[in-house]
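Working notes, structure below.
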Amino acid sequence: MRGVVFTGGRELELMEFTDPTPGPGEVVVEMKASGMCGSDLHQYRRPKSGGETGGLAAPTEPVIAGHEPCGIVAAVGPGVSDKQAQIGQRVMVHHYKGCTVCNHCRSGWSQLCQEEAVLVYGNNAHGGHARYLKVPAFTLVPLPDELSFVTGAAISCGTGTAYGALRRIRISGNDTIAIFGQGPVGLSATQLAAAMGARVIALDVSPERLERAKEFGADEVVNPRSNDPVGAIKDLTHGYGAEFTLDTSSQPEGRIAAVRATKVWGTTCFVGERNQVTIDVSPDMLRKQLTIVASWTFSQMGQAECAQFVVDRGIDVEQLFTHRWQLDQAKEAYTLFDSQTTGKGVFLI
């Protein structure tokens, strides 16, 4: 089979790999959809000389990209019970593997394992940008029949990450939330927060993304290049600021604006990976009784809960996707995605 491999310096190759065979406790999933996530760009842009891997164990050989896999079970290995996986079953993948026995792993948070190096499928272990993906059976999350494979791919990271953050800060219909960044994760947060009943203020420097935010349920939109974002949010909230702010942009200026746009006793949540922020602790935090929350993706149970929420609320997650690609279009797909001006992309396999 062929798989997409990021080779560094904004380049990639379609390489040949042997079709995987499941070992004990493993399954092979035939990919139907494999999403493109903003965090892919960190690997795509990595210098050819190597570099930062987000704290993960670095791969020692070419690794297939893609950590939003969704498909059907094609083969099961020895020791896999019918309750774990069945041939033809529609599944998503919780794309992490830790030691499997520590408290974090046993509670569905394999990515937080402290006992051994964590495998992230699509980063330091083979991912979904190929025809087949071999994973432990315990990583499978059933895909409800009501949802498409494309929707399942989004829930497998971007949409699931947004859902995990919103659940972590516990927004409700009483709240206003300002969401900084309207890329795939931010737009998912806008869509989900609106479905949860919150008033949503969406911020982005792209007019095209702000237009999409309106379509996805944003009550107000703000372009930080045209407006002071903190002042604009306060103007929209009677001078007080938002009960909640969520930064998906990863940009220092976005993060500090999120902190300063939150009202007294409010909560700021950081989701975007990498970069830094400088906070003046007294005025920005202490004297506002501010809570700052970090939210990294979601648990295995949280992924299943997100899928059910999407079904129960009839949310059109597939609307996130503006581009659908075949694997042999990978170079064109990532060149466009790297511009960060489009919606979400997905490979249909």
Side-chain angles (χ1 to χ4, degrees), residues 3-6 17 20 22 25-44 53-59 63-74 84-85 89-100 104-113 116-143 147 149-165 184-185 188 271 273 295-307 317 344-347 349:
V4 176
V5 176
F6 298 134
F17 295 87
E26 296 178 330
V27 300
V28 170
V29 180
E30 181 181 351
M31 291 292 97
K32 296 299 183 182
S34 184
M36 300 168 68
C37 180
S39 58
D40 288 338
L41 295 177
H42 298 300
Q43 297 167 265
Y44 177 69
T53 61
L56 300 171
V63 168
I64 298 169
H67 62 271
E68 294 187 338
C70 191
I72 61 173
V73 176
Q84 289 180 296
Q89 182 181 359
R90 306 169 78 248
V91 294
M92 302 175 286
V93 175
H94 189 249
H95 57 275
Y96 306 100
K97 178 183 179 293
C99 73
T100 76
H104 295 303
C105 288
R106 287 159 62 92
S107 64
W109 288 95
S110 296
Q111 66 268 45
L112 299 181
C113 180
E116 63 179 48
V118 175
L119 293 181
V120 180
Y121 298 101
N123 187 307
N124 59 358
H126 288 320
H129 287 358
R131 185 175 180 185
Y132 297 110
L133 171 63
K134 181 177 72 172
V135 292
F138 69 78
T139 65
L140 299 183
V141 179
L143 178 69
L147 301 183
F149 291 112
V150 169
T151 294
I155 292 170
S156 294
C157 189
T159 295
T161 293
Y163 181 85
V185 174
S188 290
V271 170
E273 290 270 17
S295 184
W296 184 33
T297 62
F298 43 84
S299 70
Q300 192 165 354
M301 288 70 75
Q303 185 172 348
E305 182 186 316
C306 178
V317 171
K344 196 168 177 64
V346 62
F347 291 103
I349 303 168

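These numbers come from the heavy atoms of this one structure, side chains and all, not from hydrogens, waters or symmetry mates.
For the pair Leu140 and Val135, the minimum side-chain heavy-atom distance is below 4.5 Å. By the 4.5 Å heavy-atom criterion applied to side chains, Val346 and Phe149 are not counted as neighbours.
Closest heavy-atom contact between Ala154 and Val317: CB-CG1, 3.7 Å. Across all non-hydrogen atoms, the minimal contact from Gly128 to Ile349 is O-CD1, 3.5 Å. Minimum heavy-atom separation, Ala130 to Met31: O-CG, 3.2 Å. Contact detail for Cys70 and Gly152: the closest heavy-atom pair is SG-CA, 3.8 Å. Nearest heavy atoms, Gly127 versus Leu133: O-CD1, 3.5 Å. Of all heavy-atom pairs between Val27 and Ala137, the closest is CG1-CB, 3.9 Å.
Interatomic distance, CE of Met301 versus OG of Ser107, reported as 6.0 Å (0.5 Å rounding). The NZ atom of Lys97 sits 5.5 Å away from the CD atom of Glu116 when rounded to the nearest 0.5 Å. Rounded to the nearest 0.5 Å, atoms CE (Met92) and CD1 (Ile155) are 5.5 Å apart. The structure places CZ of Phe17 at 4.5 Å from CD1 of Ile64, a figure rounded to the nearest 0.5 Å. Here His126 contributes atom NE2 and Leu119 contributes atom CG; the two are 11.5 Å apart, rounded to the nearest 0.5 Å.
The ring pair (Phe, Tyr, Trp, His ring centres under 6.0 Å) test applied to His94 returns Tyr96, Phe298, not counting sequence neighbours. Here Ser295 pairs with Ala165, Arg168, Cys269, Val271 under the side chain to side chain contact (heavy atoms under 4.5 Å, CB included) rule; sequence neighbours left out. Contacts of Gln43 classified as side chain to side chain contact (heavy atoms under 4.5 Å, CB included), with partners at least two apart in sequence or in another chain: Phe6, Asp40, Arg46, Asn123. Here Glu30 pairs with Lys32, Ile72, Ala74, Arg131, Tyr132 under the side chain to side chain contact (heavy atoms under 4.5 Å, CB included) rule; sequence neighbours left out. Checked against side chain to side chain donor-acceptor pair (under 3.5 Å), His95 has no partners two or more places apart in sequence or in another chain. Pro184 is linked by a side chain to side chain contact (heavy atoms under 4.5 Å, CB included) to Arg209, Phe337, Lys344, counting only residues two or more places apart in sequence or in another chain.
Between the Gln300 side chain and the Phe138 main chain, a donor and an acceptor come within less than 3.5 Å of each other. A distance-only check finds a donor-acceptor pair linking the side chain of Asn124 to the backbone of Val118 [under 3.5 Å].
With respect to Ser39, the side-chain hydrogen bond (donor to acceptor under 3.5 Å, both in side chains) criterion is satisfied by exactly one of His67, Glu68, Glu273: His67. Across Val29, Val91, Val93, a single residue satisfies side chain to side chain contact (heavy atoms under 4.5 Å, CB included) together with Thr139, and that is Val93.
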